[in-house]
Structures are given as structure tokens and as C-alpha cells.
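Working notes, beginning with the structure itself.
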Amino acid sequence: MSSPRLTLFSTKAYDIDAFDTATAPVGDPGHVDVVYLETGLDSTTAALARGSDAVCVFVNDFVDAATLDALDEAGVGAVALRCAGFNNVDVERAHALGIRVVRVPAYSPNAVAEHTLALMLTLNRQIHRAHNRVRDGNFSLQGLVGFDMAGKRAAVVGTGHIGRIVARLLWHLRCDVVAVDPFEDEHLVDLGVRYVELHEALADADIVTLNCPLLESTHHLIDDETLPIMKPGVMLVNTGRGALIDTDAVIDALKSGRVGSLALDVYEEEGDLFFEDRSEQVLHDDTFARLLTFPNVLITAHQAFLTREALDAIATTTLRNVVSVAAGEPCDNEVHPPN
Ligand code: NAD
């Protein structure tokens with residue numbers, strides 16, 4: 001039997017390294033023929049995958065109904081997400097077309113959790129600003145006052161694979177950790193982490209970290225209604241998905257001081273910005289440009305996942321998913337439409 005063929009969209013050099021290393025040798029039953037494309041996937045580029053068994057996409061590829069129809073027309077039978085979140089795929093449409101959707105549910109939750117903590121500590125102690133000052137010969141400490149993390153109330157919203165590690169890391173820093181999740185993690189409860197309702201968590205927390213998926217129910221979880229509940233001066237951290245936060249509302253809250261500091265690895269409109277070098281271009285996104293003006297805002301461009309271990313695990317699991325799907329076998333990592 002010939003090897004399955006996979007067309008990888010939105011390819012970066014680090015993807016090629018990881019997939020080339022992970023794929024089994026030609027002739028091995030686990031081998032996958034990978035075609036690398038730099039372009040993103042949408043309805044206009046789907047035809048490039050003609051002849052492939054599956055396409056492989058990342059967080060900002062646009063796998064809506066029109067894209068899926070075009071993939072179906074091109075004879076592609078599966079969408080393999082090389083990420084955990086699947087909010088960019090119309091899963092119901094895929095199901096209706098018989099296109100299977102698979103993902104990598106937990107490639108390295110440590111990578112994202114550690115980046116979440118890195119953002120918190122950097123923002124709190126203003127390491128990024130201090131570094132620039134020292135390089136510039138400015139040794140003043142003015143404006144760099146942080147706070148002790150120990151003893152602060154930290155609310156972790158979503159304690160799945162990633163959030164439970166974030167909660168544990170914060171517990172090790174001796175924060176008073178509360179959690180919000182419909183499903184309680186018994187190991188966290190054993191540590192003394194209390195599960196509370198979202199509003200209660202937001203009302204008392206000095207630090208709020210968003211580690212839940214983007215769903216209809218979590219879209220703009222932080223908005224004009226929830227921001228006024230939050231403790232004045234709260235540190236807000238989002239490494240989940242951009243649209244968990246209503247960005248305009250959070251900008252108002254930064255201006256009023258309700259939000260004391262903000263760290264983002266994800267942004268609502270990141271699809272038009274992230275993963276490319278745009279340093280020679282004029283920035284057209286006025287909301288993002290406004291965010292960049294705040295001294296108390298720290299942004300990374302969706303890099304929380306980017307460790308060697310995570311990239312290797314993503315490639316290995318994705319290739320395994322593709323082999324299973326191409327063989328018509330069941331796959332544990334399949335995404336099904338909600339009932
Ligand atoms: P997971 O599915 O293991 O855990 C998500 C948790 O959120 C679950 O326990 C779920 O019950 C909980 N949840 C769902 N709705 C909730 C709500 N309304 N309030 C509170 N909790 C709720 O997922 P994970 O692997 O921990 O990843 C979480 C999210 O992180 C992903 O969906 C993805 O969007 C994001 N992520 C970001 C990066 C990055 O590089 N920035 C990388 C991987 C994942």
C-alpha cells in the first residue's frame with residue numbers, strides 16, 4: 001500500500017525540521033509523504049491539496065464550510081490540526097462531508113504552562129523593560145516596582161492539561177490558587193486549590209490566567225460585564241485563545257486602571273498579524289497598535305507552544321493520526337461535532 005500523502009499549510013522552518021525528523025523511513029508502514037506549503041489554508045488555497053489524503057493546519061488556517069467544501073471537491077479526506085484547539089474548524093460541516101478531523105490534544109502542556117508563568121513573572125518584575133534599560137545604559141529602577149507572587153490570590157480559568165500545570169506552578173510560588181472549571185482536578189483539590197464560580201474567582205483574584213478553550217460559552221469571557229467585577233489593578237494573562245477577551249473592553253479597563261497589567265500570547269485578530277515578519281509594514285490594526293502603547297502590556301505572538309519537545313510531539317502525533325485516518329482506523333484524537 002502506498003504511503004498517505006499530507007499537505008502541510010502555513011509551514012515554517014521549525015515545522016519542516018520536526019516533521020522530517022518524525023516521519024518513518026520510506027517503505028515503513030508509518031511513513032507519510034509530506035508536502036510543505038508556506039501559504040495558509042482557506043477556500044482559495046484548498047485546491048493545492050488535490051491528491052492528498054489529508055491536510056495539516058495550524059491555529060490561524062481558516063477551515064470554514066467553504067474551505068471544507070473545496071477540500072472535499074479536491075478529494076481530501078481529513079484535516080489534521082497540529083495544535084490542540086479546533087475553534088478554527090467547522091467540525092459539523094466536516095462531519096457532514098465525511099471529512100475526519102484529528103488534532104493533537106496534549107503535545108506539551110508544560111510548554112504552554114511554563115510560558116504562561118514566564119509572562120506573569122516578566123510582566124510583574126518588568127524584566128523586558130529592565131533589560132532594554134540596562135542595554136541602553138539606563139540603570140534607574142523608577143517604574144519597575146513589582147509585587148511578591150507569594151500570598152497573592154491567583155485564579156486559573158480552565159484546569160485541563162495546561163491549566164492544571166499553571167495552577168501547580170503558582171501553588172509552588174505559594175500563591176493562594178483558586179480554579180474555575182466545570183470538572184474539578186482532584187490532585188489540585190488535594191493541594192488545597194479551591195474550585196469556585198467564575199464571578200467569585202474574578203472578584204478576589206490579584207492574577208487571572210485564562211487556560212480554557214474558545215467555545216461559544218467562553219467567547220469574550222472577559223468583557224464589559226466581567227471586567228467591572230475584577231479587583232482593581234488585577235494582572236490578566238491570556239495564553240488560551242484571543243477571543244476569550246473582548247480586546248476593546250480590556251483597553252478601556254487598562255485606561256481606567258481596573259486591569260493593572262496584561263500579558264497576551266494570543267489576540268482576537270491575530271490571524272492577520274502573527275507568525276510573519278511584518279516589521280517593514282505599517283500596522284493596520286489600530287486596536288493592536290493601541291495595546292502596544294501601554295507600558296503595562298506584554299505580548300508574545302502565539303509562541304507558548306514553541307519548544308523543541310512540543311514540536312517533536314506535535315509532528316509525531318500528527319503523523320500517527322494521519323496514518324490511522326488514511327487506513328480507515330479509529331483515532332483517539334478525532335474531533336467530533338457536539339451532539
Ligand atoms: P484541555 O481541553 O485539556 O482543558 C481545557 C479545560 O477548560 C477543561 O478542563 C475544560 O473543562 C475547561 N473549560 C471549558 N469551558 C470552561 C469554562 N467556561 N470555564 C472554565 N473552564 C472551562 O485543554 P488544554 O490542553 O489545557 O488547552 C487549553 C487551551 O489552551 C486550548 O483550547 C487552546 O485554545 C489553548 N492553547 C494555547 C496554546 C498557545 O500556544 N498559546 C497552545 C496550546 C493550547
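Predicted, not measured: the structure shown is a model, and the values here were computed from it.
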How far does [atom1] of [X] sit from [atom2] of [Y], to the nearest 0.5 angstrom?
X      : Y      : atom1 : atom2 : result
Arg93  : Asp72  : CZ    : CG    : 8.0 Å
Leu273 : Leu283 : CG    : CG    : 6.0 Å
Leu311 : Phe19  : CG    : CZ    : 9.0 Å
Glu225 : His199 : CD    : NE2   : 7.5 Å
His128 : Arg133 : NE2   : CZ    : 10.5 Å
Asp90  : His95  : CG    : NE2   : 12.0 Å

Hey, does [Y] have a side-chain heavy atom less than 4.5 Å from the side chain of [X]?
X      : Y      : value
Val76  : Ile99  : no
Thr287 : Glu269 : no
Leu71  : Leu41  : yes
Val237 : Thr116 : yes
Leu68  : Val63  : yes
Asn87  : Leu215 : no
Ile245 : Leu236 : yes
Leu121 : Ile127 : no

Can you name the nearest heavy-atom pair linking [X] to [Y], along with the distance?
X      : Y      : answer
Asn211 : Gly163 : CB-CA, 3.8 Å
Ser43  : Ala70  : O-CB, 3.9 Å
Leu119 : Thr239 : CD1-CG2, 3.8 Å
Ala78  : Val325 : CB-CG1, 3.5 Å
Leu6   : Ser52  : C-OG, 4.3 Å
Asp61  : Ser10  : OD1-OG, 2.6 Å

Pairing donors with acceptors under 3.5 angstrom, does anything connect the side chains of [X] and [Y]?
X      : Y      : result
Thr226 : Asp223 : yes
His220 : Glu268 : yes
Thr317 : Arg320 : no

Requested in this report: Take Asn88 and Leu81 through the side chain to side chain contact (heavy atoms under 4.5 Å, CB included) test and state the conclusion after the steps.
Outcome: CA-CA 10 Å; Asn88 54 333; Leu81 288 141; 3.8 Å; yes

Counting distance only, does the side-chain N/O of [X] pair as donor-acceptor with the main-chain N or O of [Y] below 3.5 Å?
X      : Y      : value
Thr11  : Leu37  : yes
Thr23  : Asp20  : no
Asp265 : Ala304 : yes
Thr316 : Ala22  : no
Glu334 : Arg100 : no
His31  : Ala24  : yes
Asn138 : Ser140 : yes
Asp53  : Arg5   : yes
Thr45  : Gly40  : yes
Asn238 : Arg241 : yes

Requested in this report: Determine, stepwise, if the pair Arg258 / Asp252 fulfils salt bridge (charged side-chain N to carboxylate O under 4.0 Å, His left out).
Outcome: CA-CA 9 Å; Arg258 170 69 60 177; Asp252 287 342; over 6 Å; no

More than 12 heavy atoms of other groups within 6.0 Å of [X] [atom1]:
X      : atom1 : value
Arg308 : CZ    : no
Glu329 : CD    : yes
Glu197 : CD    : no
Asp28  : CG    : yes
Arg125 : CZ    : no

Report task. Run the numbers on Val35 and Asp33 for side chain to side chain contact (heavy atoms under 4.5 Å, CB included), then give the verdict. Result -> CA-CA 7 Å; Val35 177; Asp33 257 338; 5.9 Å; no

Membership question, hydrophobic clusters at under 4.5 Å side-chain separation (ILVMFWY): are [Y] and [X] in the same one?
X      : Y      : value
Phe288 : Ile251 : yes
Leu191 : Tyr195 : yes
Val335 : Val57  : yes
Leu170 : Ile165 : yes
Val297 : Leu244 : yes

Report task. If the plane angle is over 60° it's perpendicular, under 30° parallel, otherwise tilted; pick one for Phe274 and Tyr267. Result ->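 It falls in the tilted class, 30° to 60°.
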
Query raised in the report: Should the ring pair Phe305 and Phe275 be called parallel, tilted or perpendicular, given that the plane angle runs from 0 to 90° and is split at 30 and 60?
Result: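 Rings of Phe305 and Phe275: perpendicular, as their planes differ by over 60°.
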
Requested in this report: Inspect the contact between Arg153 and Asp176 and indicate whether a charged nitrogen and a carboxylate oxygen are less than 4.0 angstrom apart.
Outcome: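 So Asp176 pairs with Arg153 through a salt bridge.
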
Query - Salt-bridge present (Glu184, Arg164; N to O < 4.0 Å) - result: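 Judged by the 4.0 Å cut-off on N to carboxylate O distance, Glu184 and Arg164 do not form a salt bridge.
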
Query - Candidates Thr247, Ile299, Leu291, Asn296 - the one meeting side chain to side chain contact (heavy atoms under 4.5 Å, CB included) with Leu262 - result: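 Result: among Thr247, Ile299, Leu291, Asn296, Leu291 is the only option passing the side chain to side chain contact (heavy atoms under 4.5 Å, CB included) with Leu262.
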
Query raised in the report: Got a sec, which residues hit side-chain contact (heavy atoms from CB on, under 4.5 Å) with Phe62, two or more places apart in sequence or on another chain?
Result: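 Phe62 satisfies side-chain contact (heavy atoms from CB on, under 4.5 Å) with Asp42, Asp64 only.
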
Report task. Not counting sequence neighbours, which residues clear side-chain contact (heavy atoms from CB on, under 4.5 Å) with Asp17? List them please. Result ->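 Residues passing side-chain contact (heavy atoms from CB on, under 4.5 Å) with Asp17: none at all.
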
Query - From CA spacing to verdict: side chain to side chain contact (heavy atoms under 4.5 Å, CB included), Leu8, Arg82 - result: CA-CA 9 Å; Leu8 211 111; Arg82 54 180 188 280; 3.6 Å; yes

Requested in this report: Begin with the C-alpha distance, continue with both residues' side-chain angles, and end with the deciding distance and a verdict on side chain to side chain contact (heavy atoms under 4.5 Å, CB included) for Asp136 and Asn132.
Outcome: CA-CA 6 Å; Asp136 204 28; Asn132 286 338; over 6 Å; no

Query raised in the report: Can you list the steps and then say if Arg290 with Thr293 is a side chain to side chain donor-acceptor pair (under 3.5 Å)?
Result: CA-CA 5 Å; Arg290 183 67 179 98; Thr293 66; 2.5 Å; yes

